[in-house]
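What follows is a short report on a single structure.
Positions are given from 1, in the same order as the sequence printed here. For clarity, every value in this text was computed on a predicted model and none was experimentally measured.
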Amino acid sequence: MSDVKGAAELRATIVFNLGTLGAVAADRFAARVEALGLKPKHAGLLAALDAGPAASQQDLARRLGVAPSLVVALADQLQELGALERIRDPQDRRRQVLNLTPEGRTLLSRCADAARSLDDELTADLSDTQRSALEQGLRLLGGQHLPH
C-alpha cells in the first residue's frame, strides 16, 4: 500500500521543494554557462575572486570549502581561457596569487546575466512582493548556513 500521506508531507517540506527546484535551477544554469565554455564551479571561482582581494589557491579552497586540488584544476582551465592569471607572491615565492583578467570579468558578467535571466524565468509567475520575499528569505538562509 502506498504511503500517500507520507508523500504529501514530504512534498510540503521546504527542504524537499528547495532541493527539487535547486536541481532544476542548477541544470538550467549549467546549460547556460556551458555555452560560455564554463561549468557552474568555474562561475563560482570567478565570483569568489571578484568578491575579495587576490587570493592564493589555498586561500580560495578554504574560503569555498573545497579541496585545493579542485581550485587548481578550475584555475588551470580558467587560465587557459584567459580569465585569470597566476602571479608569484613577492613575499612568498612558493605561493601563487590568482587575479581576474578583463576576460575573466567579462565571463563573470555574462554568468551573472545568465543567472538573472534564469531568475526571471523561474519567478515569472510571482508578484513583485512574492519575489522580494523569496529573495530575502534565501539570502537570510544562505547567510546562516552557507560558507562565506
Side-chain angles (χ1 to χ4, degrees), residues 1-86 95-148:
M1 181 166 143
S2 172
D3 181 11
V4 176
K5 180 181 178 194
E9 287 176 355
L10 178 62
R11 285 191 304 272
T13 65
I14 292 170
V15 74
F16 182 80
N17 285 291
L18 277 176
T20 302
L21 184 58
V24 169
D27 288 347
R28 290 183 187 178
F29 182 67
R32 291 181 188 206
V33 298
E34 183 179 12
L36 304 173
L38 302 175
K39 294 187 172 158
K41 289 181 181 183
H42 292 116
L45 184 57
L46 291 171
L49 285 170
D50 189 56
S56 72
Q57 296 167 139
Q58 291 286 340
D59 294 339
L60 280 170
R62 272 191 298 281
R63 189 185 319 165
L64 297 171
V66 299
S69 59
L70 176 61
V71 172
V72 170
L74 292 171
D76 286 346
Q77 294 160 355
L78 289 169
Q79 188 173 19
E80 287 176 25
L81 292 172
L84 66 78
E85 60 185 355
R86 287 181 167 106
R95 180 180 138 143
Q96 291 186 344
V97 176
L98 304 179
N99 286 312
L100 283 181
T101 64
E103 176 62 20
R105 292 192 189 289
T106 297
L107 281 173
L108 179 57
S109 177
R110 292 178 70 192
C111 289
D113 290 344
R116 277 191 300 278
S117 173
L118 187 51
D119 281 356
D120 291 344
E121 283 178 30
L122 290 174
T123 62
D125 293 334
L126 298 181
S127 69
D128 289 344
T129 302
Q130 290 170 322
R131 180 174 170 152
S132 179
L134 177 62
E135 289 170 345
Q136 272 188 302
L138 290 174
R139 278 195 195 100
L140 179 62
L141 287 172
Q144 292 173 346
H145 299 286
L146 299 175
H148 294 97

Shortest non-hydrogen separation from Glu85 to Thr101 and the atoms involved | N-CG2, 3.9 Å

Asp59 CG to Leu64 CG distance, which is reported to the nearest 0.5 Å = 10.5 Å

Short side-chain to backbone donor-acceptor contact, Ser56 and Val97, under 3.5 Å = no

Ile14 atom CD1: more than 12 heavy-atom contacts under 6.0 Å | no

Closest approach of Asp119 and Thr123, non-hydrogen atoms and distance?
-> O-OG1, 2.7 Å

Take Arg86 and Gln57, measure what side-chain hydrogen bond (donor to acceptor under 3.5 Å, both in side chains) needs, and give me the verdict at the end.
-> CA-CA 9 Å; Arg86 287 181 167 106; Gln57 296 167 139; 2.8 Å; yes

Test side-chain contact (heavy atoms from CB on, under 4.5 Å) applied to Leu138 and Leu18, step by step = CA-CA 10 Å; Leu138 290 174; Leu18 277 176; 3.9 Å; yes

Contacts table for residues 109-117: side-chain donor-acceptor under 3.5 angstrom, sequence neighbours left out:
residue: Asp113; atom: OD1; partner: Arg116; partner atom: NH2; Å: 2.4
residue: Ser117; atom: OG; partner: Arg32; partner atom: NH1; Å: 3.1

With a 4.5 Å limit on heavy-atom distance, are the side chains of Thr20 and Arg11 in contact?
-> no

Can you name the nearest heavy-atom pair linking Leu122 to Ala25, along with the distance?
-> CD1-CB, 3.8 Å

Euclidean distance, Leu60 CG relative to Gln58 CD, rounded to 0.5 Å | 10.0 Å

Is there a donor-acceptor pair closer than 3.5 Å between any side-chain N or O of Thr106 and the backbone N or O of Pro102?
-> yes

Side-chain donor/acceptor pairs under 3.5 Å, residues 33-52, sequence neighbours excluded:
residue: His42; atom: ND1; partner: Lys39; partner atom: N; Å: 2.9
residue: His42; atom: NE2; partner: Gln77; partner atom: OE1; Å: 2.5
residue: Asp50; atom: OD1; partner: Arg105; partner atom: NH1; Å: 2.6

Mind checking whether Glu103 and Leu107 have side chains closer than 4.5 Å, heavy atoms only?
-> yes

Decide if atom CG of Asp125 counts as having more than 12 heavy atoms of other residues, nucleotides or ligands within a radius under 6.0 Å.
-> no

Salt bridge (Lys or Arg N to Asp or Glu O under 4.0 Å): pairs with one or both residues in residues 12-27, sequence neighbours excluded | none

Reported CG-to-CD distance for the pair Leu74 and Gln79, which is rounded to 0.5 angstrom = 13.0 Å

In short, Leu118 meets Phe29 closest at the heavy-atom pair CD2-N, 3.6 Å

What distance separates Leu81 CG from Asp76 CG, expressed to the nearest 0.5 Å?
-> 11.0 Å

Decide, yes or no, whether a salt bridge links Arg131 with Asp128 under the criterion of side-chain N to carboxylate O below 4.0 Å.
-> no

